[in-house]
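The structure under discussion appears below in the form of structure tokens.
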Amino acid sequence: MAAPGAWRTMREGKDVRAGNRRRTGRSGGRTTRLAVVQAEARGRSVVFQQGVMLSKHSTWGIGGPAMLFVEIFEPEDMVVALEESVQRDVPLFVLGRGSNCLFDDRGFEGIVALNNMSQYQDLGEGRFRVGSGRRFDHLGVKTSKEGWTGLEFAAGIPGTVGGAVYMNAGANQQQTSDVLVEVEYLDSQGKFHTLKKDQAKFGYRMSPFQEMPQPIVVTSAVFQLRKSDKSRARVMEYMDRRRQTQPLHEKSAGCVFRNPGEGHPPVGYLIEHLGMKGLVVGGASVSHVHGNFLISKDGCQCSDMLQLIEDIKSRIKEATGIDLEEEIHYVPPQGFHRQ
Ligand SMILES: Cc1cc2nc3c(=O)[nH]c(=O)nc-3n(C[C@H](O)[C@H](O)[C@H](O)COP(=O)(O)OP(=O)(O)OC[C@H]3O[C@@H](n4cnc5c(N)ncnc54)[C@H](O)[C@@H]3O)c2cc1C
């Protein structure tokens with residue numbers, strides 16, 4: 001690994017983002033006054049904020065402050081952030097749109113890297129290289145409108161391309177890995193790799209990246225799509241179905257539990273069948289529209305959501321013997337791995 005960047009604290013307590021940011025991002029309003037820290041390495045200058053509330057970056061609206069928060073536009077800046085996490089001996093968490101994770105109310109004792117690497121390259125003949133910070137739903141709508149089939153299902157998934165690859169997101173009998181050609185990722189040593197889809201094992205909401213011993217960062221993905229004159233209509237149909245079956249106007253993280261498979265009914269059905277729709281713990285509740293969607297109301301705490309998840313799991317275990325697994329990722333304050 002190259003020499004880690006040098007830290008220096010800049011104008012503690014003042015918002016100096018406007019002067020340092022090269023592009024407009026999504027780290028919050030310009031009026032916030034947060035302490036800022038800057039790292040310089042590899043000829044790059046990366047600005048970190050202290051104490052950004054993670055609730056602003058999660059679709060549930062739950063989560064305390066990040067020790068350091070950085071918005072990443074280029075893969076090289078992610079290398080700098082990684083090096084600094086090693087230098088500081090704190091974990092680094094890659095954040096997409098926060099549509100599948102549950103942050104703790106105590107926040108995160110490390111670096112949260114908000115992914116905005118949104119490059120887009122048309123390689124011809126239905127092949128596209130896409131930065132992992134690009135919105136997956138926007139990609140699905142764009143390619144389908146242009147007459148390409150394969151990513152219609154993405155239109156209703158409010159995450160990033162990186163989150164979709166990492167989670168192997170899917171819907172409507174399609175999943176991300178179906179149209180993947182290869183993925184570029186960064187390992188915890190700051191080295192870039194390319195993983196061909198054919199060399200990797202993807203499963204239901206599972207990617208090889210979730211099983212790697214050290215955390216990695218997906219930086220871009222190449223998709224292969226096919227021509228179709230039905231793709232646009234399919235997106236409309238899928239979105240209509242979502243509007244009818246999902247609580248899209250409430251704060252959720254999509255389906256909380258993986259479906260158990262092996263001939264078992266879907267979790268949403270089990271929850272409804274056992275009378276748990278509408279079940280409430282503090283500010284968290286089971287949606288009345290879809291049993292596998294848990295809703296957070298204003299003031300909902302992480303502990304409310306965790307308790308509701310545990311209550312559902314134990315009632316389902318008791319009634320059916322099924323051990324439910326979460327699809328969402330709970331992010332403990334200390335992170336998953338120490339590097
Ligand atoms: C209304 C709604 C509907 C949904 N519908 C669906 C659906 O139909 N199908 C489905 O599969 N999901 C669905 N989801 C869940 C969610 O949108 C997907 O799982 C999505 O892929 C998560 O992407 P994200 O960028 O928000 O990831 P985040 O929530 O930000 O992160 C999730 C996990 O992925 C990791 N991660 C994110 N980006 C990277 C990266 N670049 N490199 C390495 N790791 C990374 C994070 O560290 C974290 O562990 C839905 C969610 C909502 C709110």
query: If you group Ile, Leu, Val, Met, Phe, Trp and Tyr by side-chain heavy-atom gaps below 4.5 Å, do Val130 and Val235 land in one group?
result: no

message: Under a 3.5 Å distance rule, please check whether Asn168 uses its side chain to pair with a backbone N or O of Ser177 as donor and acceptor.
response: yes

query: Can you name the nearest heavy-atom pair linking Leu180 to Ala221, along with the distance?
result: CD2-CB, 3.8 Å

Donor-acceptor contact present, side-chain Asn115 to main-chain Gly96, <3.5 Å: no

query: Is the shortest heavy-atom distance from the side chain of Arg127 to the side chain of Val222 under 4.5 Å?
result: yes

- line: Note: Val112 and Ala66 closest approach over all heavy atoms is CG2-CB, 3.8 Å

- request: Kindly check if the number of other-residue, nucleotide or ligand heavy atoms within 6.0 Å of NZ (Lys227) is above 12?
  value: yes

Distance-only polar pair, side chains of Thr219 and Glu184, donor-acceptor under 3.5 Å: yes

- prompt: Counting N and O atoms only, with roles assigned by atom type, does the side chain of Thr59 sit under 3.5 Å from a partner on the main chain of Ser252, one being a donor and the other an acceptor?
  reply: yes

- prompt: Under a 4.5 Å side-chain heavy-atom rule over Ile, Leu, Val, Met, Phe, Trp and Tyr, are Val181 and Phe136 clustered together?
  reply: no

- prompt: Do Ile312 and Leu308 have side chains that get closer than 4.5 Å, going by heavy atoms?
  reply: yes

task: Check whether more than 12 heavy atoms from other residues, nucleotides or ligands sit under 6.0 Å from atom CZ of Arg232, and answer yes or no.
output: no

message: Is the shortest side-chain heavy-atom distance between Glu84 and Val90 below 4.5 Å?
response: no

Pairwise side-chain contact, Met206 with Lys201, heavy-atom cut-off 4.5 Å (strictly under): no

query: Which is it for Arg242 and Ile157 under the side chain to side chain contact (heavy atoms under 4.5 Å, CB included) test, yes or no, and what are the steps along the way?
result: CA-CA 10 Å; Arg242 272 185 196 269; Ile157 300 183; 3.6 Å; yes

- prompt: At their closest point, which heavy atom of Met305 faces which heavy atom of Ser296, and how far apart are they?
  reply: CE-CB, 3.9 Å

task: Using modelled atom types only, decide if a donor and an acceptor are shared between the side chain of Arg205 and the backbone of Gly170 within a distance under 3.5 Å.
output: yes

query: With hydrophobic residues grouped by side-chain heavy-atom distances under 4.5 Å, do Met53 and Val36 end up in a single group?
result: no

query: To the nearest 0.5 Å, what is the distance between CG (Leu139) and CG (Leu151)?
result: 5.0 Å

For the student: nearest non-hydrogen atoms of Tyr330 and Pro332, plus distance: O-CD, 3.3 Å

- request: For salt bridge (Lys or Arg N to Asp or Glu O under 4.0 Å), just list the numbers for Asp104 and Arg106, CA-CA rounded to whole Å, side-chain angles, deciding distance to a tenth of an Å, and then say yes or no.
  value: CA-CA 5 Å; Asp104 199 281; Arg106 290 166 289 176; 2.9 Å; yes

task: Following the transitive rule for hydrophobic clusters with a side-chain heavy-atom cut-off under 4.5 Å over Ile, Leu, Val, Met, Phe, Trp and Tyr, establish whether Phe108 and Ile62 coincide in one cluster.
output: no

- prompt: Ignoring hydrogens and geometry, is there a side-chain-to-backbone donor-acceptor pair from Tyr204 to Arg258 under 3.5 Å?
  reply: no

- prompt: Taking the inter-plane angle between the rings of His193 and Tyr185 on a 0 to 90° scale, is it parallel (under 30°), tilted (30 to 60°) or perpendicular (over 60°)?
  reply: parallel

message: Set out, in order, the CA-CA distance, both residues' side-chain angles and the distance that settles side chain to side chain contact (heavy atoms under 4.5 Å, CB included) for Asn259 and Glu327, then state yes or no.
response: CA-CA 9 Å; Asn259 283 318; Glu327 185 176 319; over 6 Å; no

query: Do the non-hydrogen side-chain atoms of Pro158 and Arg97 ever get within less than 4.5 Å of each other?
result: no

- line: Here the gap from Phe69 atom CZ to His57 atom NE2, rounded to the nearest 0.5 Å, amounts to 3.5 Å

- prompt: Does the side chain of Ile328 reach to within under 4.5 Å of the side chain of Trp60, using non-hydrogen atoms?
  reply: yes

- request: Taking all heavy atoms of Leu82 and all of Asp187, pick out the closest pair and write down the distance.
  value: CD1-O, 3.4 Å

task: May I ask you to decide if Tyr166's main-chain N or O and Gln210's side chain share a donor-acceptor pair within less than 3.5 Å?
output: yes

query: Any donor-acceptor pair under 3.5 Å linking the side chain of Ser285 with the backbone of Val280?
result: no

field: Flag, side chain of Ser85 to backbone of Ile111, donor-acceptor distance under 3.5 Å
entry: no

- request: May I ask you to decide if Gly133's main-chain N or O and Thr160's side chain share a donor-acceptor pair within less than 3.5 Å?
  value: no

message: How about CD on Glu125, more than 12 heavy atoms from neighbouring residues, nucleotides or ligands closer than 6.0 Å, or not?
response: no

task: May I ask you to say whether Glu250 pairs ionically with Lys297, meaning some side-chain N is under 4.0 Å from a carboxylate O?
output: yes

message: Please identify which of these residues, Arg234, Lys230, Gln174, meets the side chain to side chain donor-acceptor pair (under 3.5 Å) condition with Thr149.
response: Arg234

message: I'd like to know whether Leu54 forms a side chain to side chain contact (heavy atoms under 4.5 Å, CB included) with Phe93, so could you lay out the CA-CA distance, the side-chain angles of the two residues, the decisive distance to 0.1 Å, and finally the verdict.
response: CA-CA 12 Å; Leu54 295 171; Phe93 181 81; over 6 Å; no

message: What verdict does the side chain to side chain contact (heavy atoms under 4.5 Å, CB included) test give for Thr176 and Phe153, after you've listed the backbone C-alpha separation in whole Å, the side-chain angles of each residue and the deciding distance to 0.1 Å?
response: CA-CA 9 Å; Thr176 309; Phe153 73 99; 4.0 Å; yes

statement: Rounding to 0.5 Å, atoms NZ (Lys317) and CG (Leu324) come to a distance of 10.0 Å

Interatomic distance, Ile309 atom CD1 to Glu326 atom CD [nearest 0.5 angstrom]: 5.5 Å

field: Derivation and outcome, side chain to side chain donor-acceptor pair (under 3.5 Å), residues Asp240 and Gln244
entry: CA-CA 6 Å; Asp240 267 355; Gln244 285 164 28; 5.5 Å; no

task: Report yes if the side chains of Pro247 and His290 come closer than 4.5 Å at any heavy-atom pair, otherwise no.
output: yes

message: Could you report the tightest heavy-atom contact between Cys101 and Gly98, atom names first, then the distance?
response: SG-CA, 3.8 Å

field: Separation of Asn292 CG from Leu294 CG (nearest 0.5 Å)
entry: 7.0 Å

message: Check whether Gln214 reaches the backbone of Ser188 with its side chain - one donor and one acceptor, N or O, closer than 3.5 Å.
response: no

- prompt: Do Ser228 and Trp148 have side-chain heavy atoms sitting under 4.5 Å apart?
  reply: no

field: Whether His273 and Tyr269 hold their rings parallel, tilted or perpendicular, with breakpoints at 30° and 60°
entry: parallel

- request: Output the distance between atom OG (Ser55) and atom CD (Gln301), rounded to the nearest 0.5 Å.
  value: 11.5 Å

query: Under a single-linkage definition using a 4.5 Å side-chain heavy-atom cutoff for Ile, Leu, Val, Met, Phe, Trp and Tyr, are Met67 and Met78 assigned to the same hydrophobic cluster?
result: yes

